[in-house]
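Structure record follows, encoded as structure tokens.
What you see is a predicted model; the values in this text were computed from it and never measured.
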Amino acid sequence: MSDNNSTGKKVGKSFLSMFKRLFVRDKIEKNILEEEAMRTPMKAVMHRFIRNKMAIIGFSLFVAIFLFSFVGSLLNPLDRALDLTNTNIRPSRNFLRYPRELADLNIVKIISGVSFSAALTDDGNIHVWGAEPNREMEGISQFMLQVPEEIQEAHIVDIAAGTRFILAVDDEGNFYGWGHVAHGQAEITSDMRRMMSINRTEKIVQVLAGTTWAAVLGDNGFLYLWGSIQATSTFVIPTAAQGRIVYVAAGHHNMILLLDDGTVMPMGDRGTEFFLNVPPELQDGSVRIVEVAVTNRNVLARDDTGQLHLWGSVIDGLNSFPEDMVPDNVVDIASAYNNFVAVKDTGEVFVWGSNTLGQLNLPRNINQAGVTQVFADAFQFYAVNADGDIVETWGNRGYIFGSDQWGRDIFTRIMHGGRVSLTVGIIGVIIATLIAIIIGLSSGYFGGWLDHALMRLADIFDAIPFLPLAITLSFVLGDNLNEAERMYFIMIVLGVLSWTGLARLIRAQLLLEREKDFVLAAKALGIKQRSIMTKHILPHVFNFVIVSVTLQYASFILTEAALSFLGFGIQEPTPSWGNMLDGAQDSIVLRYFWWRWIIPALFVVAAALSINMIGDALRDAMDPKAEER
């Protein structure tokens, strides 16, 4: 009986032991040597790599840059259009961030420049917000966001904004201006003062501003304009309109004069649709216009019944109404640089035109916000309710990385430029690595005359200076290559001229590996030489290839940046980090527009540094004894 019990206990213990081995993790601590012995070589390398803090930092940084460039460029299409209005604007996202004290005030009017906005409240005060234009470079005498003291003490009745300056007039007829006013926009000229006296203008009822000009409308219906010679020669005020003007809507190169009988009269560039396509019923008195809004090429007018009238250029679709809009029962209209806005008596808001800076991205709940009026100027939009409070904003919120000399968003160009630079680098590395593997394996395995021939070929390629050759070829080819072909050219040149170092490394390692027992055994078994090289020897040198590839990738990114910086790589308008650094050759850019060269340079350095950190960590992980030496 005891034998049966003993046998049962042994069976039970065996079953329990088997169950633990299958389903219960062994909690016995293993020492480092035991753990190292149980890992495969690849697992051991990965374990040492993960434990390296610098490796994780470098890997995380590179993944972030990769996702930013490739995923970000897919989500943010590249706009190649040039917008000279928004040139060289500082990095900011505060264009629409208005002061909170406006919530307790009644807003009368909001105007905007390229990077700032200003509100006039019913107490006669001005509130300015946004971002400063480049004050030092553009000769701005006063900060845009700081209202001068004499204006703070006055009771302002009207304001207007140019691209980089603000004009104001108080209840006593005093005129003020600050910002970029190099064309004398900040002061009414003596000639204009004399004309106002002759015409018996007692009070200024409206002030207007453009890029380089200023204008005022007197209470007697006379319009006065001054500023740059080009602007004053373009705007010839019709003699028949003087004394009858009740309101003026102005773009940069065109104006619409609203006369006392409800008719309109165009003024400015006579060769445009703006001037030529005025509906006849708006000039013969058949329809009485009460409000007008204009862009540079189009006009939107509202008559006394709430019906809208539209004409002008087909650009941006501004010559037609949105499909879901019936142009009647409108209570307010407004215009920005490339957009029109209409507010219906139901509070519904419609906006159409360009969408390059989010002008058409209406806030989700705007039609439930009780909007009665929209102030639109430049690329900023502010919806106001019946109490004079701002309820919604949309449009250009600013540029995270600033804008360049052509008004293009540097943030978007950094994304697309990163995709180009990283792609050029990785394709170049693939080409160089394939050539190096083929030549290195062949030279190291076969030896003899083939080894000598291939190594002399490597010496020849080593003797070719890369940058001078690439610059010479680029100059010879000139404009014969399009954007894609030039990118392929850079990839091929990088790959074909950069394989020699890795090929010698593979050859040297192969000279050690080919005499080992496993190679001799493979030969004895009759395995083909191609299979021996690729399946048996190559995996033993692949670790060195990976390390070399990571380090070479960083070098290729820097080389492409250098070529594009010198003007012989990727050409505009296709962005790359290198050609975005091209502006750093200009002393004015270096001094005043720091964001145009520092930000691309930081991305180049970050990408190269992260890849170098990964390469160094891989080298240490594959050769742990190197740290002891």
(message) Are Phe401 and Trp595, when compared by the centres of their aromatic rings, separated by less than 6.0 Å?
(response) no
(request) Please find out if less than 6.0 Å separates the ring center of Phe379 from that of Tyr337. (result) yes
(message) Checking the side chain of Ser73 only, and the main-chain atoms of His416 only, is there a donor and an acceptor separated by less than 3.5 Å?
(response) no
(request) Using a strict 4.0 Å threshold on nitrogen-to-oxygen distance, state whether Arg244 and Asp260 make a salt bridge. (result) yes
(message) Can a donor-acceptor pair be found, under 3.5 Å and without considering hydrogens, that links the side chain of Asp332 to the backbone of Thr372?
(response) no
(message) Just by distance, no angles: are the side chains of Asp387 and Asn385 close enough, under 3.5 Å, to form a donor-acceptor pair?
(response) no
(request) State which residue, out of Asp158, Ile188, Asp170, fulfils the side-chain contact (heavy atoms from CB on, under 4.5 Å) condition with Ile204. (result) Ile188
(request) Would you confirm whether Glu273, through its side chain, and Arg297, through its main-chain N or O, come within 3.5 Å as a donor-acceptor pair? (result) no
(message) Would you say that more than 12 heavy atoms from the other residues, nucleotides or ligands in this model lie under 6.0 Å from the CH2 of Trp129, or not?
(response) yes
(request) Say whether, by atom type as modelled, one donor and one acceptor occur between the side chain of Thr295 and the main chain of Asn338 under 3.5 angstrom. (result) no
(message) Quick one: does any side-chain atom of Gln359 pair with a main-chain N or O of Thr356 as donor and acceptor, under 3.5 Å?
(response) yes
(request) Answer yes or no: is there an ion pair linking Asp328 with Lys344, defined by an N-O contact shorter than 4.0 Å? (result) yes
(request) For the residue pair Asp261 and Thr263, confirm or rule out a side-chain donor-acceptor distance under 3.5 Å. (result) yes
(message) Keeping Glu291 on the side-chain end and Leu300 on the backbone end, is there a donor-acceptor pair under 3.5 Å?
(response) no
(message) When you measure from the centre of the six-membered ring of Phe593, is the NZ or CZ of Arg591 closer than 6.0 Å and no more than 45° off the axis?
(response) no
(message) Assess, by modelled atom type and distance only, whether the side chains of Asn86 and Tyr399 contain a donor and an acceptor separated by less than 3.5 Å.
(response) yes
(message) Aromatic contact between Trp226 and Phe175, with the criterion being ring centroids under 6.0 Å apart: yes or no?
(response) yes
(request) Consider only side-chain N and O atoms of Thr201 and Asn199, and report whether a donor and an acceptor are under 3.5 Å apart. (result) no
(message) Using a 6.0 Å cut-off, check whether atom CD of Gln152 has over 12 heavy atoms from anything other than its own residue.
(response) yes
(request) Would you indicate whether Glu101, at its atom CD, is surrounded by more than 12 heavy atoms from other residues, nucleotides or ligands within a distance under 6.0 Å? (result) yes
